[in-house]
Amino acid sequence: MEGADRLEALRQCYAEYLDERRMLLQAGGAFQGVSRFFTGPPAGERVMAQRFLLQLEGCVAQLAETGEAELAAQAAVFMLLEAEGFDYNSQLMFQAAESYCLPLLAVLAPADARRLLAGYTARYPKRKLLLPKQEQVLAALARAAE
């Protein structure tokens, strides 16, 4: 599989998660928010999230194995700066999944790491609001940029 195909597989992984999430929300009906308040997230949502993270981990592993700095940079930019959810929960899922790019950061060229670090700190200017895994990403970016 070529680099562009691997990158497309990564994008497809995110797109499939968003499509599944939309279908789940549509199937939930008008009172899903109230129901969720009392019973928590539906089991299907947990399964969907686990499937997404497992697929994501596989895609990232394949990308990192190539050792191509440019491909790793493109994938990391997508995961850290471009991937957007359409609601609070999908956005939170993508933020939680940011740590899955750590193998890619080890492959980055220092110049790419510096550009990515600048974009990441601009996206999250208040460090105190970062999730613990996002702190790991920030530290790995800073190391790669040196």
Side-chain angles (χ1 to χ4, degrees), residues 1-28 32-33 36-37 39-146:
M1 189 183 293
E2 287 193 28
D5 293 337
R6 288 187 178 122
L7 193 57
E8 185 55 37
L10 177 71
R11 291 178 184 275
Q12 187 63 32
C13 179
Y14 278 81
E16 287 174 7
Y17 171 78
L18 291 175
D19 290 343
E20 281 186 78
R21 178 129 182 88
R22 281 187 188 96
M23 288 189 293
L24 182 74
L25 290 174
Q26 289 173 352
Q32 182 175 353
R36 185 184 185 104
F37 178 74
T39 62
E45 191 171 327
R46 287 188 290 276
V47 170
M48 182 178 56
Q50 290 171 342
R51 184 173 42 247
F52 165 68
L53 293 174
L54 189 62
Q55 287 175 339
L56 182 61
E57 187 174 35
C59 287
V60 167
Q62 287 182 349
L63 288 164
E65 283 175 4
T66 67
E68 296 177 35
E70 185 178 328
L71 185 61
Q74 291 173 351
V77 164
F78 174 74
M79 291 177 69
L80 298 177
L81 303 177
E82 296 174 358
E84 292 285 336
F86 63 89
D87 67 346
Y88 175 77
N89 288 328
S90 60
Q91 187 61 34
L92 191 59
M93 172 57 76
F94 289 171
Q95 287 176 345
E98 287 176 1
S99 66
Y100 281 74
C101 80
L102 288 172
L104 297 172
L105 302 183
V107 180
L108 290 180
D112 290 332
R114 283 190 290 276
R115 283 192 294 275
L116 196 52
L117 179 61
Y120 197 68
T121 54
R123 184 172 184 172
Y124 301 110
K126 297 182 180 178
R127 283 191 59 168
K128 65 182 178 200
L129 298 178
L130 291 179
L131 300 170
K133 293 289 186 176
Q134 289 177 302
E135 291 282 350
Q136 290 177 359
V137 170
L138 191 59
L141 279 171
R143 281 191 304 275
E146 295 176 348

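For this chain, numbers begin at 1 and follow the sequence in order.
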For residues 104-116, please give each side-chain donor-acceptor pair under 3.5 Å, one per line with the distance, not counting sequence neighbours.
unit_1: Asp112; atom_1: OD1; unit_2: Arg115; atom_2: NH2; d: 2.3
unit_1: Arg114; atom_1: NH1; unit_2: Ala145; atom_2: O; d: 2.9

Could you give the side-chain donor-acceptor pairs of residues 79-88 under 3.5 Å, partners two or more places apart or in another chain?
unit_1: Glu84; atom_1: OE2; unit_2: Arg123; atom_2: NH2; d: 3.0
unit_1: Asp87; atom_1: OD1; unit_2: Arg21; atom_2: NE; d: 3.4
unit_1: Asp87; atom_1: OD1; unit_2: Ser90; atom_2: N; d: 2.9
unit_1: Asp87; atom_1: OD1; unit_2: Ser90; atom_2: OG; d: 2.6
unit_1: Asp87; atom_1: OD2; unit_2: Arg21; atom_2: NE; d: 3.3
unit_1: Asp87; atom_1: OD2; unit_2: Arg21; atom_2: NH2; d: 3.0

**Message:** Going by the rule side-chain hydrogen bond (donor to acceptor under 3.5 Å, both in side chains), which residues pair with Arg51 if we only count those two or more places apart in sequence or in a different chain?
**Reply:** Glu20
**Request:** Taking the side chain as every heavy atom from C-beta outward, state whether Leu53 and Met93 have any pair of such atoms under 4.5 Å apart.
**Result:** yes
**Item:** Interatomic distance, Gln55 atom CD to Leu10 atom CG [nearest 0.5 angstrom]
**Value:** 11.0 Å
**Prompt:** Just wondering, are more than 12 heavy atoms of other shown residues or ligands nearer than 6.0 Å to CD in Gln12?
**Reply:** yes
**Complete:** Rounding to 0.5 Å, atoms CG (Leu18) and CE (Met48) come to a distance of 9.5 Å
**Prompt:** Which pairs pass ring-ring contact (aromatic ring centres under 6.0 Å, His included) with one or both residues in residues 91-116, sequence neighbours excluded?
**Reply:** Tyr14-Phe94, Tyr17-Phe94, Phe52-Phe94
**Request:** Give every residue pair that meets the salt bridge (charged side-chain N to carboxylate O under 4.0 Å, His left out) criterion with at least one member in residues 136-146, sequence neighbours excluded.
**Result:** none
Let me check something: any side-chain donor-acceptor pairs from residues 132-139 under 3.5 Å, sequence neighbours excluded? List them with distances.
unit_1: Gln134; atom_1: OE1; unit_2: Leu131; atom_2: N; d: 2.8
unit_1: Gln134; atom_1: NE2; unit_2: Glu98; atom_2: OE1; d: 2.9
unit_1: Gln134; atom_1: NE2; unit_2: Tyr124; atom_2: OH; d: 3.4
unit_1: Glu135; atom_1: OE1; unit_2: Arg127; atom_2: NH2; d: 2.8

**Message:** To the closest 0.5 Å, what do you measure between CZ (Arg22) and CD (Gln26)?
**Reply:** 9.0 Å
**Complete:** Rounded to the nearest 0.5 angstrom, the CD-CD distance for Glu65 and Gln62 is 7.0 Å
